[in-house]
Amino acid sequence: MSDQTASPGAAFEPPTETARPARLRDLASVSNILATDVAAVLVDRFGRRAATEAIRAVLDEARQAVRLGAGPAPTPDELATGALARLEAHARSDLRPLFNLTGTVLHTNLGRAVLAEAAIEAAVAAMRDPMALEYDLASGRRGERDDHLRALLCELTGAEDATVVNNNAGAVLLALNTLAGGREAIVSRGELIEIGGAFRMPDIMQRAGARLVEVGTTNRTHAKDYRAAVTPETGVILKVHTSNYRIQGFTAEVSAAELAAIAEESHVPLMHDLGSGTLVDLARYGLQREPTVREAVAQGAGIVTFSGDKLLGGPQAGFIVGGKALIAAINRNPMKRALRVDKIRLAAIAATLELYRDPDRLAERLPALRLLARPQAEIAAQARRLAPLVARAVGEAFTVAACDCRSQIGSGALPLDTLASSGLVILSRGGTRALERLAAALRNLDWPVIGRIEAGGLVLDLRCLSDEAVFLSSLSGLDSHALA
Ligand SMILES: *Cc1c(COP(=O)(O)O)cnc(C)c1O
């Protein structure tokens with residue numbers, strides 16, 4: 001390996017590392033690298049096999065570099081450090097927690113609602129030990145998975161019976177298949193929604209085996225349109241909450257109460273897909289009013305469906321509440337088994353619903369509601385406090401200022417109702433490329449920071465920033481020189 005032992009006949013090469021190109025035989029062997037202190041850490045953290053594979057991969061790259069004339073050859077320590085970085089990058093999950101500073105509180109792409117502590121504890125407990133999931137502790141006989149939620153859901157919604165499935169898309173699919181499989185489902189042309197992620201009402205209907213019967217027009221649908229469409233083939237009349245859009249101007253729609261009357265006189269059930277659905281009057285927390293599930297039940301819908309992780313603030317789930325006979329039919333559908341919820345989520349759902357029994361303390365216990373109801377003055381004070389600290393972290397190439405902005409609720413809930421908020425606006429002294437580089441560097445942090453680029457600036461809406469200390473220590477991972 002060493003130049004001192006080169007044979008006298010070999011071409012003369014100066015002994016300084018920088019002056020001559022590296023040769024393949026200058027590279028350490030795998031066993032040499034494994035003998036370094038860094039490799040000991042590597043083996044301890046990732047195991048001998050993964051460590052050896054990573055070292056081989058790093059050595060391969062080094063060989064390529066040497067062939068291309070790069071010099072000098074890396075030392076065994078450098079190669080071991082390279083292998084460590086490689087395994088650490090691989091071990092870093094893309095599902096790690098991040099800061100949602102997009103201004104959209106219930107951001108579907110960022111996992112919607114964050115859960116209440118009580119729900120987190122219940123989920124962890126359900127993971128750790130066996131539980132009476134389908135076992136009746138009183139009788140010692142087989143029990144029902146739905147029993148854990150039935151009474152709570154009925155209490156909170158006023159419905160006779162209830163069940164829960166994977167998500168609201170599943171709830172709609174299952175309910176439609178049960179009520180209108182092989183038959184007709186009547187729905188207004190103004191309510192044939194697409195809500196993103198490939199959920200389009202006509203497609204769901206087709207997959208549910210129901211024949212779509214559209215009535216009315218995009219902007220106006222009347223009671224007589226529904227009445228005229230009912231035939232002996234009708235399985236259900238469907239009302240859909242137009243979650244992510246509003247039809248305004250010259251419009252007419254038939255209220256759920258009026259539709260319930262039409263459904264009753266026609267002897268078909270009314271199904272009401274509320275989308276987000278809420279269990280409390282949001283006006284009480286300073287938010288725009290949204291029809292509650294209890295109201296939809298009281299208006300006479302036979303079946304009401306709604307999501308668990310939108311305004312309700314729980315884990316992903318789809319709730320189906322309604323009359324006993326209809327829920328029993330839904331539970332008999334074999335599709336129910338394919339859409340059921342696991343014990344971990346069931347525990348988290350039950351704990352979330354429990355919080356609704358005490359509406360006075362709901363806003364402090366349920367993060368989704370707490371964030372939505374957060375006063376702008378509090379967020380603005382946080383923005384003023386953080387602006388100079390963030391300015392220091394991003395470096396000279398950018399300016400950082402507190403600003404007013406508007407948050408969205410997200411997940412299609414109350415689409416036109418934005419919330420007054422505050423945040424930081426970061427402007428680049430070096431144009432949009434530098435700003436995009438900064439946004440990318442923020443996304444690449446151990447705790448990624450996700451903002452939004454708007455009108456030439458990077459806006460960080462601080463409504464959803466709870467842990468300032470973690471945020472600031474995460475920002476200290478930015479290399480401001482590389483960003484300049
Ligand atoms: C969001 C939504 C759904 C789908 O709910 P997921 O819980 O996302 O599956 C269905 N219908 C309406 C009206 C919605 O807004």
Side-chain angles (χ1 to χ4, degrees), residues 104-115 119 149 153 162-180 185 187-208 210 212 221 236-247 253 256 259 270-279 282 288 290-293 295-296 299 301 303-322 330 335-336 338-342 345-346 348-349 352-353 368 408-417:
T104 301
V105 179
L106 301 169
H107 199 302
T108 297
N109 304 140
L110 302 181
R112 291 194 184 160
V114 290
L115 298 195
L149 295 180
L153 278 168
T163 183
V164 57
V165 290
N166 178 59
N167 57 9
N168 190 34
V172 172
L173 181 73
L174 175 63
L176 276 176
N177 178 262
T178 308
L179 305 179
V187 60
S188 161
R189 288 200 167 88
E191 297 174 1
L192 287 173
I193 60 163
E194 167 177 322
I195 52 152
F199 185 96
R200 296 177 127 190
M201 196 47 90
D203 298 341
I204 293 285
M205 255 194 213
Q206 193 190 7
R207 291 294 165 156
L212 170 62
T221 303
V236 72
I237 296 176
L238 176 64
K239 182 157 187 66
V240 188
H241 188 289
T242 58
S243 301
N244 49 8
Y245 65 99
R246 289 284 175 271
I247 296 179
E253 72 170 308
L259 266 186
L270 171 68
M271 166 173 161
H272 195 165
D273 175 18
L274 276 184
S276 189
T278 171
L279 296 172
L282 294 174
Q288 185 80 24
E290 169 85 342
T292 65
V293 178
E295 283 159 7
Q299 282 155 359
I303 288 290
V304 179
T305 62
F306 54 103
S307 281
D309 55 351
K310 293 184 179 174
L311 281 173
L312 199 143
Q316 180 186 301
F319 297 103
I320 309 175
V321 303
I330 284 169
M335 216 183 244
K336 165 80 193 297
L339 293 169
R340 76 180 184 190
V341 178
D342 70 282
R345 266 197 288 158
L346 216 48
I349 294 167
T352 305
L353 291 176
Q408 293 191 339
I409 294 175
S411 287
L414 307 167
L416 305 183
D417 185 35

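Just follow the structure's listing: the first ligand is 1, and inside any ligand the first atom is 1.
Side-chain contact between Asp273 and Met201 is present, with at least one heavy-atom pair separated by less than 4.5 Å. Residues Glu191 and Thr242 have side chains in contact (heavy-atom distance under 4.5 Å, counting atoms from C-beta outward). Between Ile303 and Val236, every side-chain heavy-atom pair lies at or beyond the 4.5 Å cut-off.
A donor-acceptor pair is defined here as one N or O able to donate and one able to accept, closer than 3.5 Å; no such pair exists between the side chain of Arg345 and the backbone of Pro315. At least one donor-acceptor pair closer than 3.5 Å links the side chain of Asn244 to the backbone N or O of Glu194. When atom types are taken as modelled, the side chain of Arg189 and the backbone of Thr221 share no donor-acceptor pair closer than 3.5 angstrom. Looking only at distances, a side-chain donor or acceptor of His107 sits under 3.5 Å from a matching main-chain atom of Asn109.
For the ligand labelled ligand 1, residue Ile195 lies inside the 4.0 Å heavy-atom shell. Residue contacts with ligand 1 leave out Glu191, since none of its heavy atoms falls under 4.0 Å from the ligand. Heavy atoms of Met201 stay at 4.0 angstrom or farther from ligand 1.
Of the protein's non-hydrogen atoms, the one nearest atom 11 (N) of ligand 1 is Asp273 OD2, 2.7 Å. Taking atom 10 (C) of ligand 1 as the reference point, the nearest protein heavy-atom neighbour is Asn168 ND2, 3.2 Å. Scanning the protein for heavy atoms near atom 9 (O) of ligand 1, the closest one is Ala169 N, 2.8 Å.
When heavy-atom distances to ligand 1 are checked against a 4.0 Å cut-off, Gln316 has no atom that comes that close, whether in backbone or side chain. Residue contacts with ligand 1, taken as heavy atom pairs separated by less than 4.0 Å, do not involve Leu274 at all.
Rounded to the nearest 0.5 Å, atoms CG (Asp342) and CG (Asn166) are 9.0 Å apart. A distance of 10.5 Å separates OG1 of Thr104 from CD1 of Ile409, quoted to the nearest 0.5 Å. Here the CG-OG1 distance, from Leu173 to Thr305, works out to 11.5 Å after rounding to the nearest 0.5 Å.
Considering backbone and side-chain atoms alike, Lys310 places an N or O below 3.5 Å from some N or O of ligand 1.
Interface of Phe199 with ligand 1, defined as ligand atoms under 4.0 Å from a residue heavy atom, comprises 10 (C), 11 (N). Remark: ligand 1 atoms within the under-4.0 Å shell around heavy atoms of Ile193 are 12 (C), 13 (C). The ligand atoms of ligand 1 that sit less than 4.0 angstrom from a heavy atom of Arg112 are 6 (P), 7 (O), 8 (O). Ligand 1 places these atoms under 4.0 Å from at least one heavy atom of His241: 13 (C).
Among Ala317, Ser276, Ser307, Ser243, the residue whose heavy atom lies closest to atom 15 (O) of ligand 1 is Ser243. Between the choices Ser411, Ala171, Gly275, the shortest heavy-atom distance to atom 12 (C) of ligand 1 belongs to Gly275.
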